[in-house]
Amino acid sequence: MSKVWSNRFDNSLNPFIEEFNASISFDKALILEDIDCSIAHAKMLGKTKIISSIESCKLIEGLQTIKDKYLEGKFSPGAPSEDIHYCIEEKLIDLIGETGKKLHTGRSRNDQVGTDIRLWLRKNIDNIDISLFELQKSLFLVAESNLYTLIPGYTHMQRAQPVSLAHHLLAYIEMFQRDRERLKEVRARVNISPLGSAALAGTKIKIDRFFTAKELGFEKIYKNSIDAVSDRDFCIEFVSSSALIMSHLSRIAEEIILWVTDEFSFAKLTDRCATGSSLMPQKKNPDVPELIRGKTGRVYGHLQALLTIIKGVPLSYNKDFQEDKEPIFDTVRTISSCLNAMTILINEGIEFNVDKLMEAVHNDFSNATDLADYLVSKKVPFREAYQIVGEIVKYCLTKNILFKDLNLQDFQTFHPEFKEDIFENLNPVNVVNSRNSLGGTGFDQVKIELNNWKKKLLI
Ligand code: ARG
């Protein structure tokens, strides 16, 4: 097999090392970006008269033919080429002959691979943003129809205070919004062109870096050629943002898994997204959220891998960087599939058990704060009110009853300021509705937020 590299080499590579060194098995995913990068470069070589316009056109036509053949399924990149960059160059020379040998004028695989991966990542960030948006919309629709559905709110996994289910779901919409904002910032740092930095030092050939940057839709160009070919910060930032997205997906996945247990019974899985057991006929398993929770580990692993790959690599390009691709590719694959699966799960995979939720919030002590706040409204200092309510809880626990089972006289033995209206104050619907502080779960507050999101999500 003939290699593109120079006549300096007398002997051929050890076949095992040849395979060890190669990246074509995975970087073939960059084929379209590699061709686009080369087309922009070839155009620039023509425009700057580094090569003739006829030669430039030949290069572009050849590259376009390769692209068309690939899209028609008539060409698939692979071994024996070492990587996608050599593969396309070899194919071009094969196709158009001598002129093809001019394509690599004034560039290196180092600026080329940096350009390809940025183009690929930019495209995928845009796709992930759409998936996040879709998930937000799905969550919104469930939230909108559950403004008045109450669900126990927890701290420390202990019943704390009831909340509107809409409020709970809107919390996830906020989290995914931060994810989208983070990705937007990462995208801005991905969208910078390293092309024209050549191997590391720039080139004496009179190239036009702004031209290629504009052709490829880059916002800016790298100012320092060494930084341009050495920078993989954007890869780490992308995987780090992805790790946070996965953590958000994993948290909602965990809640769904809990909600559909017999113990909680807050929701049930529909047949669309549940799986059975091979042994136990009664089982309906939440495999989808479990897989999402499990796949989170992969993305965290990729983040660790990338941080470790980059650490201690001296300037400028080093072959270690070839190891950046698989973690990035797998992060995109994982995150895209998990976002899609979660959206389907929200759309058609779970049904909230509204009666059970209502029953839950009516049968606990999660209105204890309201009992204390009631006394506060009668001018009892909060700390004192808090202790009185603690006494009432203790009393109820010994009797195995709830606040609502007490009568007015019972309440008044704890404090004379308790009046008949205490009972409506303890009703969970009123409990929730009264938390009208900005951003609270009071229905008026949640309505405002639902309206805001409706506009933002274009629903
Ligand atoms: N396959 C290589 C990579 O992914 C392409 C760049 C190779 N550059 C080099 N100087 N060997 O990083």
Side-chain angles (χ1 to χ4, degrees), residues 1-9 12-14 16-38 40-41 63 76-93 103-124 190 192-203 205 212 216 222 224-236 238-239 302 305-333:
M1 170 197 159
S2 76
K3 280 276 169 208
V4 185
W5 53 57
S6 77
N7 296 334
R8 172 194 203 288
F9 290 84
S12 61
L13 256 181
N14 171 302
F16 181 83
I17 296 301
E18 184 166 338
E19 214 187 310
F20 182 72
N21 191 46
S23 53
I24 188 74
S25 63
F26 50 86
D27 69 13
K28 61 185 178 194
L30 298 173
I31 181 167
L32 293 175
E33 287 71 24
D34 194 73
I35 294 175
D36 288 346
C37 171
S38 289
H41 183 68
L63 288 162
S76 45
S81 297
E82 179 189 319
D83 61 23
I84 190 62
H85 324 295
Y86 275 148
C87 178
I88 300 301
E89 193 179 341
E90 285 157 3
K91 180 83 185 161
L92 184 69
I93 295 166
L103 176 66
H104 212 52
T105 312
R107 87 174 175 185
S108 149
R109 276 186 302 159
N110 299 351
D111 57 342
Q112 190 180 355
V113 69
T115 307
D116 291 1
I117 194 84
R118 282 173 178 81
L119 291 175
W120 188 89
L121 205 48
R122 188 180 68 189
K123 173 181 82 186
N124 281 290
V190 167
I192 304 174
S193 175
L195 196 58
S197 300
L200 80 159
T203 171
I205 293 169
T212 46
L216 296 168
Y222 272 85
N224 180 305
S225 62
I226 299 175
D227 181 40
V229 298
S230 308
D231 178 23
R232 290 295 182 274
D233 293 357
F234 66 96
C235 300
I236 296 176
F238 168 71
V239 179
H302 294 323
L306 282 178
L307 284 165
T308 314
I309 289 164
I310 303 304
K311 170 193 171 295
V313 172
L315 302 182
S316 62
Y317 176 88
N318 291 265
K319 189 79 166 193
D320 312 45
F321 289 179
Q322 185 163 287
E323 289 296 306
D324 65 2
K325 287 173 204 64
E326 285 170 295
I328 290 174
F329 293 162
D330 189 66
T331 296
V332 167
R333 200 172 10 219

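Just the heavy atoms: all of them, side chains too, but no hydrogens, waters or symmetry mates, feed the values below. As the structure lists them, so they are numbered: ligands from 1, and atoms in each ligand from 1.
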Side chain to side chain contact (heavy atoms under 4.5 Å, CB included) involving Leu216 - partner list, sequence neighbours excluded | Asp36, Ala40, Thr115, Leu119, Leu195, Phe218

Taking Ser225 for the side chain and Leu200 for the main chain, is one N or O donor matched with an acceptor at less than 3.5 Å?
-> yes

For ligand 1, what is the set of protein residues having any non-hydrogen atom at a distance below 4.0 Å?
-> Ser23, Asp27, Asp83, His85, Arg109, Asn110, Val113, Tyr317, Gln322, Lys325

With sequence neighbours left out, write down each residue that passes side chain to side chain contact (heavy atoms under 4.5 Å, CB included) with Leu315, or none if nothing qualifies.
-> Ile226, Ser230

Taking Ile88 as the fixed residue, which of Leu30, Leu63, Leu103 is the one that meets the side-chain contact (heavy atoms from CB on, under 4.5 Å) rule?
-> Leu63

Do the side chain of His302 and the main chain of Glu326 share a donor and acceptor less than 3.5 angstrom apart?
-> no

Could you list all the salt bridge (Lys or Arg N to Asp or Glu O under 4.0 Å) pairs where at least one residue sits in residues 307-322, not counting sequence neighbours?
-> Glu82-Lys319

